[in-house]
Amino acid sequence: MEADPKSSEDDRQRLESITQSYAAYQGLGVSIAGVLALSYGWIRLAGGFDEHHGWWLLAMQLVLWSNILLPRLFSRFYYRPKFGYVKPLSPQITDRQFWAVSAGAVVFGVILVPFVILPAWEHSDRLPFEPFTLAIGVALVGSGLFNLNKPNYKPYFLVFGLALLTLAFLPTFHIQTHKQVLSSWFWVAVGVFDIVFGWDSHRTLVRNLAISDREQNHV
Amino acid sequence: MSSLPDQINGLDRVIHEPARLAILTVLSACDEADFTFLLRVTGLTNGNLSTHLSKLEAARLVGIEKKFVGKKPQTIVSLTDSGRSQLEDHWRQLKELRKQASAVSRKALRLTFS
(Lines give C-alpha, C1' and ligand atoms only; values in the text may rest on other atoms or scores of the structure.)
Protein backbone atom coordinates (compact mmCIF):
# COMPACT_ATOMS: atom_id res chain seq x y z
CA MET A 1 0.00 0.00 0.00
CA GLU A 2 1.32 3.44 -0.90
CA ALA A 3 0.27 6.78 0.50
CA ASP A 4 -0.10 8.64 -2.79
CA PRO A 5 -2.28 11.72 -2.19
CA LYS A 6 -3.78 11.72 -5.69
CA SER A 7 -4.81 8.06 -5.77
CA SER A 8 -6.00 8.34 -2.20
CA GLU A 9 -8.24 11.26 -3.13
CA ASP A 10 -9.67 9.11 -5.96
CA ASP A 11 -10.10 6.22 -3.51
CA ARG A 12 -11.85 8.49 -1.06
CA GLN A 13 -14.27 9.71 -3.74
CA ARG A 14 -14.91 6.11 -4.86
CA LEU A 15 -15.55 5.04 -1.27
CA GLU A 16 -17.79 8.02 -0.64
CA SER A 17 -19.83 7.16 -3.71
CA ILE A 18 -20.08 3.50 -2.59
CA THR A 19 -21.12 4.36 0.98
CA GLN A 20 -23.60 6.96 -0.28
CA SER A 21 -25.36 4.45 -2.51
CA TYR A 22 -24.60 1.39 -0.38
CA ALA A 23 -28.28 0.39 -0.10
CA ALA A 24 -28.88 0.87 -3.83
CA TYR A 25 -25.95 -1.37 -4.71
CA GLN A 26 -27.45 -4.29 -2.76
CA GLY A 27 -29.13 -5.58 -5.87
CA LEU A 28 -29.74 -9.32 -5.43
CA GLY A 29 -33.22 -8.68 -3.94
CA VAL A 30 -34.11 -6.57 -6.99
CA SER A 31 -32.90 -9.37 -9.27
CA ILE A 32 -35.11 -11.93 -7.49
CA ALA A 33 -38.06 -9.51 -7.73
CA GLY A 34 -37.19 -9.28 -11.43
CA VAL A 35 -37.38 -13.07 -11.76
CA LEU A 36 -40.88 -12.94 -10.19
CA ALA A 37 -41.95 -10.14 -12.58
CA LEU A 38 -40.55 -12.05 -15.55
CA SER A 39 -42.30 -15.26 -14.45
CA TYR A 40 -45.56 -13.36 -13.99
CA GLY A 41 -45.25 -11.90 -17.50
CA TRP A 42 -44.52 -15.31 -19.04
CA ILE A 43 -47.39 -16.98 -17.18
CA ARG A 44 -49.77 -14.27 -18.40
CA LEU A 45 -48.40 -14.73 -21.92
CA ALA A 46 -49.04 -18.47 -21.68
CA GLY A 47 -52.61 -17.80 -20.62
CA GLY A 48 -52.18 -18.42 -16.90
CA PHE A 49 -53.64 -16.17 -14.17
CA ASP A 50 -56.78 -15.71 -16.21
CA GLU A 51 -58.45 -12.39 -15.51
CA HIS A 52 -61.76 -14.14 -14.82
CA HIS A 53 -60.36 -15.89 -11.76
CA GLY A 54 -58.88 -12.92 -9.96
CA TRP A 55 -55.55 -14.64 -9.18
CA TRP A 56 -53.73 -12.27 -11.52
CA LEU A 57 -54.40 -9.29 -9.26
CA LEU A 58 -53.01 -11.11 -6.22
CA ALA A 59 -49.97 -12.26 -8.22
CA MET A 60 -49.38 -8.73 -9.49
CA GLN A 61 -49.56 -7.36 -5.95
CA LEU A 62 -47.03 -10.01 -4.91
CA VAL A 63 -44.67 -8.90 -7.70
CA LEU A 64 -45.09 -5.22 -6.75
CA TRP A 65 -44.47 -5.91 -3.05
CA SER A 66 -41.49 -8.11 -3.77
CA ASN A 67 -39.80 -5.05 -5.29
CA ILE A 68 -40.05 -3.28 -1.94
CA LEU A 69 -39.60 -6.12 0.53
CA LEU A 70 -36.97 -8.36 -1.10
CA PRO A 71 -34.24 -5.69 -1.21
CA ARG A 72 -34.86 -5.01 2.52
CA LEU A 73 -34.72 -8.72 3.39
CA PHE A 74 -31.55 -9.25 1.35
CA SER A 75 -29.99 -6.20 2.95
CA ARG A 76 -30.63 -7.55 6.44
CA PHE A 77 -29.94 -11.25 6.01
CA TYR A 78 -27.34 -11.33 3.24
CA TYR A 79 -25.52 -8.04 2.67
CA ARG A 80 -25.13 -6.92 6.28
CA PRO A 81 -23.54 -10.16 7.55
CA LYS A 82 -21.39 -10.57 4.42
CA PHE A 83 -20.34 -7.02 3.53
CA GLY A 84 -20.95 -5.21 6.77
CA TYR A 85 -22.71 -2.02 7.69
CA VAL A 86 -21.82 1.53 6.75
CA LYS A 87 -23.63 4.76 7.43
CA PRO A 88 -23.02 7.31 4.66
CA LEU A 89 -22.11 10.93 5.38
CA SER A 90 -25.36 12.01 3.77
CA PRO A 91 -27.78 9.12 3.11
CA GLN A 92 -29.70 9.20 -0.16
CA ILE A 93 -32.85 7.69 1.36
CA THR A 94 -33.61 7.92 5.07
CA ASP A 95 -35.69 5.31 6.90
CA ARG A 96 -38.52 7.81 7.22
CA GLN A 97 -38.54 8.39 3.45
CA PHE A 98 -38.50 4.62 2.86
CA TRP A 99 -41.58 4.07 5.03
CA ALA A 100 -43.34 7.07 3.45
CA VAL A 101 -42.76 5.54 0.00
CA SER A 102 -43.94 2.14 1.31
CA ALA A 103 -47.12 3.68 2.72
CA GLY A 104 -47.66 5.35 -0.64
CA ALA A 105 -47.19 1.97 -2.33
CA VAL A 106 -49.85 0.42 -0.06
CA VAL A 107 -52.34 3.14 -0.95
CA PHE A 108 -51.41 2.74 -4.63
CA GLY A 109 -51.55 -1.06 -4.63
CA VAL A 110 -54.57 -1.70 -2.41
CA ILE A 111 -56.85 1.23 -3.17
CA LEU A 112 -55.82 3.08 -6.32
CA VAL A 113 -54.98 0.11 -8.59
CA PRO A 114 -58.19 -1.97 -8.26
CA PHE A 115 -60.67 0.85 -7.72
CA VAL A 116 -59.33 3.80 -9.72
CA ILE A 117 -56.58 2.91 -12.17
CA LEU A 118 -57.88 -0.43 -13.49
CA PRO A 119 -61.37 0.95 -14.28
CA ALA A 120 -59.67 3.91 -16.01
CA TRP A 121 -57.54 1.48 -18.07
CA GLU A 122 -60.71 -0.12 -19.35
CA HIS A 123 -60.98 3.00 -21.51
CA SER A 124 -57.30 3.28 -22.39
CA ASP A 125 -58.01 1.32 -25.60
CA ARG A 126 -59.05 4.63 -27.13
CA LEU A 127 -55.44 5.84 -26.98
CA PRO A 128 -53.14 4.81 -29.86
CA PHE A 129 -50.48 3.64 -27.36
CA GLU A 130 -50.31 1.88 -23.99
CA PRO A 131 -49.89 4.82 -21.56
CA PHE A 132 -48.32 3.08 -18.53
CA THR A 133 -45.65 1.28 -20.57
CA LEU A 134 -44.98 4.54 -22.40
CA ALA A 135 -44.54 6.44 -19.10
CA ILE A 136 -42.03 3.92 -17.69
CA GLY A 137 -40.24 3.79 -21.06
CA VAL A 138 -39.92 7.59 -21.17
CA ALA A 139 -38.61 7.58 -17.56
CA LEU A 140 -35.93 4.99 -18.39
CA VAL A 141 -34.89 6.71 -21.63
CA GLY A 142 -34.78 10.05 -19.79
CA SER A 143 -32.62 8.57 -17.05
CA GLY A 144 -30.38 6.92 -19.65
CA LEU A 145 -29.90 10.18 -21.58
CA PHE A 146 -29.39 12.23 -18.40
CA ASN A 147 -26.52 10.00 -17.30
CA LEU A 148 -25.01 9.65 -20.77
CA ASN A 149 -21.70 11.40 -20.02
CA LYS A 150 -21.43 10.38 -16.38
CA PRO A 151 -18.81 7.85 -15.24
CA ASN A 152 -21.45 5.50 -13.81
CA TYR A 153 -23.43 5.47 -17.07
CA LYS A 154 -25.54 2.34 -17.50
CA PRO A 155 -26.38 1.71 -21.17
CA TYR A 156 -29.16 -0.75 -20.34
CA PHE A 157 -31.38 2.08 -19.05
CA LEU A 158 -31.57 3.42 -22.59
CA VAL A 159 -31.93 -0.08 -24.11
CA PHE A 160 -34.81 -1.12 -21.84
CA GLY A 161 -36.40 2.33 -22.12
CA LEU A 162 -36.43 2.03 -25.92
CA ALA A 163 -37.75 -1.54 -25.64
CA LEU A 164 -40.65 -0.33 -23.46
CA LEU A 165 -41.37 2.55 -25.86
CA THR A 166 -41.53 0.02 -28.70
CA LEU A 167 -43.89 -2.16 -26.66
CA ALA A 168 -46.05 0.86 -25.85
CA PHE A 169 -46.64 1.48 -29.55
CA LEU A 170 -47.46 -2.13 -30.51
CA PRO A 171 -51.23 -1.38 -30.22
CA THR A 172 -50.80 1.50 -32.71
CA PHE A 173 -49.86 -1.03 -35.39
CA HIS A 174 -52.40 -3.62 -34.16
CA ILE A 175 -49.62 -6.10 -33.35
CA GLN A 176 -50.79 -6.48 -29.74
CA THR A 177 -53.74 -5.08 -27.82
CA HIS A 178 -53.32 -2.65 -24.92
CA LYS A 179 -54.14 -5.40 -22.45
CA GLN A 180 -51.72 -7.88 -23.97
CA VAL A 181 -48.90 -5.36 -23.70
CA LEU A 182 -49.65 -4.29 -20.16
CA SER A 183 -50.49 -7.67 -18.68
CA SER A 184 -47.58 -9.65 -20.10
CA TRP A 185 -44.86 -8.03 -22.25
CA PHE A 186 -44.54 -5.07 -19.90
CA TRP A 187 -43.76 -7.43 -16.98
CA VAL A 188 -41.35 -9.45 -19.09
CA ALA A 189 -39.40 -6.28 -19.98
CA VAL A 190 -39.49 -4.89 -16.43
CA GLY A 191 -38.49 -8.30 -15.04
CA VAL A 192 -35.45 -8.57 -17.32
CA PHE A 193 -34.53 -4.95 -16.51
CA ASP A 194 -34.73 -5.67 -12.75
CA ILE A 195 -32.56 -8.77 -13.15
CA VAL A 196 -29.91 -6.87 -15.13
CA PHE A 197 -30.03 -3.78 -12.89
CA GLY A 198 -29.91 -5.82 -9.66
CA TRP A 199 -27.08 -8.01 -10.85
CA ASP A 200 -25.06 -5.06 -12.15
CA SER A 201 -25.49 -3.20 -8.83
CA HIS A 202 -24.47 -6.30 -6.89
CA ARG A 203 -21.41 -6.77 -9.12
CA THR A 204 -20.38 -3.14 -8.57
CA LEU A 205 -20.62 -3.58 -4.81
CA VAL A 206 -18.67 -6.84 -4.83
CA ARG A 207 -16.00 -5.38 -7.11
CA ASN A 208 -15.49 -2.43 -4.80
CA LEU A 209 -15.70 -4.18 -1.47
CA ALA A 210 -14.39 -7.69 -1.99
CA ILE A 211 -10.74 -6.63 -1.80
CA SER A 212 -10.20 -9.16 0.96
CA ASP A 213 -11.06 -11.99 -1.45
CA ARG A 214 -8.34 -10.86 -3.87
CA GLU A 215 -5.54 -9.91 -1.53
CA GLN A 216 -5.00 -9.94 2.17
CA ASN A 217 -2.75 -7.20 3.46
CA HIS A 218 -0.67 -8.59 6.27
CA VAL A 219 0.69 -5.37 7.70
CA MET B 1 11.45 26.30 6.56
CA SER B 2 12.55 22.74 7.44
CA SER B 3 14.17 20.46 4.84
CA LEU B 4 12.31 17.76 2.92
CA PRO B 5 13.73 14.81 4.93
CA ASP B 6 12.90 16.63 8.18
CA GLN B 7 9.35 17.18 7.01
CA ILE B 8 9.03 13.50 6.05
CA ASN B 9 10.37 12.46 9.44
CA GLY B 10 7.92 14.86 11.04
CA LEU B 11 4.87 13.06 9.67
CA ASP B 12 2.55 11.59 12.29
CA ARG B 13 3.49 7.90 12.26
CA VAL B 14 0.26 6.80 13.89
CA ILE B 15 -1.63 8.13 10.88
CA HIS B 16 1.01 7.56 8.19
CA GLU B 17 1.31 3.79 8.68
CA PRO B 18 -0.30 2.40 5.44
CA ALA B 19 -2.93 0.13 6.99
CA ARG B 20 -4.02 2.77 9.49
CA LEU B 21 -4.10 5.41 6.76
CA ALA B 22 -6.34 3.10 4.72
CA ILE B 23 -8.69 2.61 7.69
CA LEU B 24 -8.84 6.35 8.35
CA THR B 25 -9.45 7.11 4.67
CA VAL B 26 -12.36 4.66 4.59
CA LEU B 27 -13.80 6.18 7.75
CA SER B 28 -13.39 9.70 6.38
CA ALA B 29 -15.70 8.73 3.49
CA CYS B 30 -18.56 7.72 5.78
CA ASP B 31 -20.22 8.60 9.06
CA GLU B 32 -19.55 5.21 10.67
CA ALA B 33 -18.81 1.65 9.58
CA ASP B 34 -18.68 -1.74 11.22
CA PHE B 35 -15.76 -4.14 11.54
CA THR B 36 -16.92 -6.36 8.65
CA PHE B 37 -17.14 -3.43 6.25
CA LEU B 38 -13.64 -2.26 7.19
CA LEU B 39 -12.33 -5.81 6.73
CA ARG B 40 -13.86 -5.92 3.26
CA VAL B 41 -12.58 -2.55 2.09
CA THR B 42 -9.08 -2.59 3.55
CA GLY B 43 -8.34 -6.26 2.92
CA LEU B 44 -6.70 -6.58 6.33
CA THR B 45 -6.97 -9.74 8.41
CA ASN B 46 -9.14 -9.82 11.56
CA GLY B 47 -6.14 -9.62 13.86
CA ASN B 48 -4.42 -6.81 11.97
CA LEU B 49 -7.55 -4.70 11.75
CA SER B 50 -8.25 -5.22 15.43
CA THR B 51 -4.69 -4.20 16.41
CA HIS B 52 -4.69 -1.10 14.22
CA LEU B 53 -8.11 -0.04 15.48
CA SER B 54 -6.87 -0.31 19.07
CA LYS B 55 -3.89 1.93 18.22
CA LEU B 56 -6.14 4.45 16.49
CA GLU B 57 -8.52 4.43 19.43
CA ALA B 58 -5.64 4.93 21.87
CA ALA B 59 -4.56 7.96 19.81
CA ARG B 60 -8.19 9.22 20.00
CA LEU B 61 -8.42 9.29 16.21
CA VAL B 62 -11.40 6.89 16.12
CA GLY B 63 -14.23 6.03 18.44
CA ILE B 64 -15.27 2.39 18.88
CA GLU B 65 -18.69 1.31 20.06
CA LYS B 66 -19.45 -2.34 20.76
CA LYS B 67 -23.07 -3.43 20.76
CA PHE B 68 -25.33 -6.40 20.00
CA VAL B 69 -27.66 -6.67 17.02
CA GLY B 70 -29.94 -9.50 18.09
CA LYS B 71 -27.47 -12.02 19.49
CA LYS B 72 -24.59 -10.99 17.29
CA PRO B 73 -21.89 -8.61 18.50
CA GLN B 74 -21.22 -5.59 16.33
CA THR B 75 -18.27 -3.20 16.44
CA ILE B 76 -19.04 0.24 15.08
CA VAL B 77 -16.11 2.51 14.28
CA SER B 78 -16.19 6.21 13.45
CA LEU B 79 -13.67 9.03 13.09
CA THR B 80 -13.54 11.47 15.98
CA ASP B 81 -13.66 15.18 15.17
CA SER B 82 -9.98 15.51 15.95
CA GLY B 83 -9.26 12.38 13.88
CA ARG B 84 -11.02 13.91 10.88
CA SER B 85 -9.10 17.19 11.13
CA GLN B 86 -5.77 15.41 11.76
CA LEU B 87 -6.34 13.23 8.69
CA GLU B 88 -7.12 16.31 6.57
CA ASP B 89 -3.91 17.93 7.85
CA HIS B 90 -1.98 14.77 7.07
CA TRP B 91 -3.18 14.67 3.46
CA ARG B 92 -2.40 18.39 3.13
CA GLN B 93 1.14 17.72 4.37
CA LEU B 94 1.56 14.82 1.93
CA LYS B 95 0.37 16.94 -1.00
CA GLU B 96 2.82 19.68 -0.01
CA LEU B 97 5.66 17.14 0.28
CA ARG B 98 4.81 15.71 -3.11
CA LYS B 99 4.95 19.17 -4.65
CA GLN B 100 8.32 19.89 -3.03
CA ALA B 101 9.73 16.47 -3.98
CA SER B 102 8.73 17.05 -7.63
CA ALA B 103 10.45 20.44 -7.59
CA VAL B 104 13.62 18.90 -6.12
CA SER B 105 13.72 16.12 -8.71
CA ARG B 106 13.15 18.62 -11.57
CA LYS B 107 16.04 20.71 -10.23
CA ALA B 108 18.26 17.60 -10.02
CA LEU B 109 17.40 16.68 -13.60
CA ARG B 110 18.28 20.18 -14.83
CA LEU B 111 21.65 19.98 -13.03
CA THR B 112 22.36 16.55 -14.53
CA PHE B 113 21.76 17.64 -18.13
CA SER B 114 23.23 21.14 -17.92
Side-chain angles (χ1 to χ4, degrees), chain A residues 1-26 28 72-95 201-219, chain B residues 8 11-13 15-52 55 65 67 69-70 72-79 84 87-88 90-99 101-102:
Chain A
M1 279 191 278
E2 282 178 32
D4 176 23
K6 175 73 182 82
S7 69
S8 173
E9 189 57 36
D10 292 345
D11 270 353
R12 196 183 174 283
Q13 280 171 3
R14 179 180 61 83
L15 284 165
E16 213 166 292
S17 145
I18 282 289
T19 58
Q20 198 117 33
S21 310
Y22 192 54
Y25 284 125
Q26 300 175 0
L28 281 186
R72 285 300 256 205
L73 288 174
F74 266 83
S75 172
R76 186 169 173 186
F77 295 109
Y78 175 73
Y79 284 103
R80 191 159 178 153
K82 195 171 167 65
F83 294 97
Y85 151 85
V86 62
K87 185 178 172 190
L89 284 170
S90 49
Q92 282 191 323
I93 298 172
T94 62
D95 267 8
S201 305
H202 173 77
R203 216 168 47 103
T204 307
L205 184 75
V206 171
R207 216 175 28 217
N208 280 285
L209 293 189
I211 298 164
S212 54
D213 291 342
R214 297 198 300 271
E215 55 180 83
Q216 287 275 348
N217 298 313
H218 300 273
V219 183
Chain B
I8 293 171
L11 287 171
D12 186 340
R13 280 164 196 266
I15 298 178
H16 193 62
E17 198 285 327
R20 287 196 285 272
L21 191 54
I23 296 167
L24 291 171
T25 305
V26 173
L27 290 173
S28 73
C30 62
D31 193 34
E32 58 182 30
D34 74 352
F35 194 84
T36 313
F37 184 81
L38 290 173
L39 269 182
R40 279 277 172 185
V41 182
T42 60
L44 294 166
T45 59
N46 275 333
N48 276 325
L49 180 59
S50 190
T51 311
H52 287 303
K55 285 182 184 169
E65 183 195 351
K67 60 182 182 182
V69 177
K72 288 183 179 171
Q74 194 180 28
T75 305
I76 304 285
V77 189
S78 59
L79 267 187
R84 204 171 280 278
L87 183 67
E88 295 287 326
H90 187 78
W91 282 121
R92 211 170 297 129
Q93 270 179 291
L94 285 182
K95 273 180 192 165
E96 190 54 40
L97 279 172
R98 191 188 194 195
K99 220 184 284 174
S102 304

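Remember, predicted model here, so these are calculated numbers, not experimental data. Side chains included, hydrogens not; waters and symmetry mates left out as well; all remaining heavy atoms used. Below, chain A is the first sequence line, B the second, and so on; all start at residue 1.
The contact between B:I76 and chain A is made entirely by side chain atoms (from C-beta outward), counting heavy-atom distances below 4.5 Å. With a 4.5 Å cut-off on non-hydrogen atoms, B:V77 does not touch chain A at all.
Chain B forms the most heavy-atom pairs under 4.5 Å with one residue out of A:T19, A:I18, A:V86, and that residue is A:V86.
For A:K87, the side-chain hydrogen bond (donor to acceptor under 3.5 Å, both in side chains) partners are B:D31, not counting sequence neighbours. By the side-chain hydrogen bond (donor to acceptor under 3.5 Å, both in side chains) test, B:Q93 pairs with no residue at all, sequence neighbours left out.
A centroid separation of less than 6.0 Å is found between the aromatic rings of A:Y22 and B:F37.
Residues A:Q26 and A:Y78 are not in side-chain contact: their nearest non-hydrogen atoms beyond the backbone lie 4.5 Å or more apart.
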